[in-house]
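Heads up: the structure comes next, in C-alpha cells.
On a predicted model such as this, the values are computed, not experimentally measured, just so you know.
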Amino acid sequence: MGQHGQEQGRPDTRTRIQDAATELFRRNGYSGTGLKRIAAEADAPFGSIYHFFPGGKQQLTEETIRTAGAAYGRMVLALLDTVADPVESVAHAFEAAADDLEATGYADACPIATVALEVASTNETLRVATADVFTEWVGAGEQWFARWVPDPGAARSLAHSLIMILEGAFILSRATRDREPLRAAGRSMAALLRSAIEQTGRPS
C-alpha cells in the first residue's frame, strides 16, 4: 500500500488521528483536548492534522463525532443482538457497558455525550453533528425495538429512553466511580421494555 497506506500493520495516519481524537474527546471534552495532544497520542506529526483536516480542530472534531458515533451505534446494536431474549439483552448491554467503563477506570464512556454537553450552546456546527448522531441512534433503536413492540410510537419512545437512560447512567457512574448506576439503569430499561411488550408487543 506504500507510505500512504498502512505501515507495518498500523492504521494509517488519518485513522490514528481520528482514533486518538475519539479517545481524548470522550475523556476530556472538546475544550480540554488540544491538537498537540492528539498528534502526540496518534504518533503523528503535528502538521499532518492540518494536512488531513484543513479546517483544524473543528473539522477534525466534526468528522470524529460522525465517524465514532456511527461506529458506537453499530457496536451497541451488535451487543443487543448477542442475547435472544430482548429484555435480557437490554440488561446484558448495560452490564457490558458497566464492565467496559470500570475497566478504563471510569474514564471512557460515550464518545459523543461529553462533547455534546459542551458544545450544545457554543458551537452550532458541532451541535448539529452530535444531533445528527443521536437522531441516527434513535432511528436504529426504533427499528430494533419494533421487532418486539409493533407500535411505532412505543418503539420510538423506547429508543429515546434507551439513549437517555444510558447517557445519564454514564454520568453518574463516572462521577461516583461506581458501576451500580449503570446496573440500575439496565434494570429500569429492561422493565420498560417488558412492560411495553406485555402491553403492545408480540412474541419474536
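A donor-acceptor pair is defined here as one N or O able to donate and one able to accept, closer than 3.5 Å; such a pair exists between the side chain of Arg16 and the backbone of Ala42. Checking side-chain atoms of Ser173 against main-chain N and O of Phe170 turns up no donor-acceptor pair under 3.5 Å. Without hydrogens or angle criteria, Thr33 side chain to Asn28 main chain gives no donor-acceptor distance under 3.5 Å. Here the side chain of Thr130 pairs no donor or acceptor atom with the backbone of Ala116 at under 3.5 angstrom. A distance-only check finds no donor-acceptor pair linking the side chain of Thr15 to the backbone of Pro11 [under 3.5 Å].
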Could you list the donor-acceptor pairs under 3.5 angstrom formed between side-chain atoms of residues 186-196 and any protein atom two or more places apart in sequence or on another chain?
residue: Arg187; atom: NH2; partner: Glu180; partner atom: OE2; Å: 2.7
residue: Ser188; atom: OG; partner: Ala184; partner atom: O; Å: 3.2
residue: Ser195; atom: OG; partner: Gln199; partner atom: NE2; Å: 2.9

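Legend: residues meeting side-chain contact (heavy atoms from CB on, under 4.5 Å) with Ala185, ordered by chain and number and at least two apart, are Phe94, Ile165, Ala169. Remark: Asp132 engages Arg66 in a salt bridge (charged side-chain N to carboxylate O under 4.0 Å, His left out) (not counting sequence neighbours). Taking Asn123 as the reference, Tyr30, Gln58, Val119, Thr125, Leu126 meet the side-chain contact (heavy atoms from CB on, under 4.5 Å) condition, with sequence neighbours excluded. For Thr64, the side-chain contact (heavy atoms from CB on, under 4.5 Å) criterion is met by Gln18, Ala21, Thr22, Phe25, Leu60, not counting sequence neighbours. With sequence neighbours excluded, the residues satisfying side-chain contact (heavy atoms from CB on, under 4.5 Å) with Arg156 are Val138, Glu142, His160.
Smallest separation of non-hydrogen atoms from Ala159 and Gly141: CB-C, 3.7 Å. Across all their heavy atoms, Val87 and Asp85 have their closest contact at N-OD2, 3.1 Å. Contact between Val133 and Ile65 at its shortest, heavy atoms only, is CG2-O, 3.6 Å. Ala39 and Phe46 make their closest contact through CB-CA, 3.9 Å (heavy atoms, listed as atom of the first residue, atom of the second, distance). Residues Arg26 and Arg174 approach most closely at O-NH1, 3.3 Å, considering heavy atoms.
We find the CG-CD1 distance between Leu117 and Ile171 to be 5.5 Å, quoted to the nearest 0.5 Å. To the nearest 0.5 Å, atoms CH2 (Trp137) and CD1 (Ile112) are separated by 5.0 Å. Considering OG1 of Thr176 and OH of Tyr106, their distance stands at 7.0 Å, rounded to 0.5 Å. In this structure, the separation between CZ on Arg147 and CD1 on Ile197 is 11.0 Å, given to the nearest 0.5 Å. A distance of 6.5 Å separates CG in Leu162 from CG in Leu80, rounded to the nearest 0.5 Å. To the nearest 0.5 Å, atom CG of residue Leu172 and atom CZ of residue Arg177 are 12.5 Å apart.
Linking Ile, Leu, Val, Met, Phe, Trp and Tyr residues whenever their side-chain heavy atoms come within less than 4.5 Å places Phe53 and Tyr50 in a single cluster. Val115 and Val128 sit in two unconnected hydrophobic clusters of ILVMFWY residues. Membership requires side-chain heavy atoms under 4.5 Å apart, directly or through other members. Under the 4.5 Å side-chain contact rule for hydrophobic residues, Leu35 and Phe52 share a cluster. By the rule that hydrophobic residues join a cluster once side-chain heavy atoms approach within less than 4.5 Å of another member, Leu77 and Leu166 end up as members of one cluster. Grouping the Ile, Leu, Val, Met, Phe, Trp and Tyr side chains by contacts below 4.5 angstrom, directly or via other members, places Val90 with Tyr72.
Side chains of Pro54 and Gln59 form a contact here, defined as non-hydrogen atoms less than 4.5 Å apart. Contact annotation: the side chain of Ser157 never approaches that of Phe145 to less than 4.5 Å [non-hydrogen atoms, C-beta and beyond]. Looking at heavy atoms from C-beta onward, Asp81 lies out of side-chain contact with Ser89 at the 4.5 angstrom threshold.
The pair Arg179-Asp100 does not meet the salt-bridge criterion, since no charged nitrogen lies less than 4.0 angstrom from a carboxylate oxygen. Taking 4.0 Å as the cut-off between side-chain N and carboxylate O, Lys36 and Glu41 do not count as a salt-bridged pair.
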_Derivation of the side chain to side chain contact (heavy atoms under 4.5 Å, CB included) call for Glu62 and Lys57_ = CA-CA 9 Å; Glu62 180 183 7; Lys57 187 177 180 180; over 6 Å; no

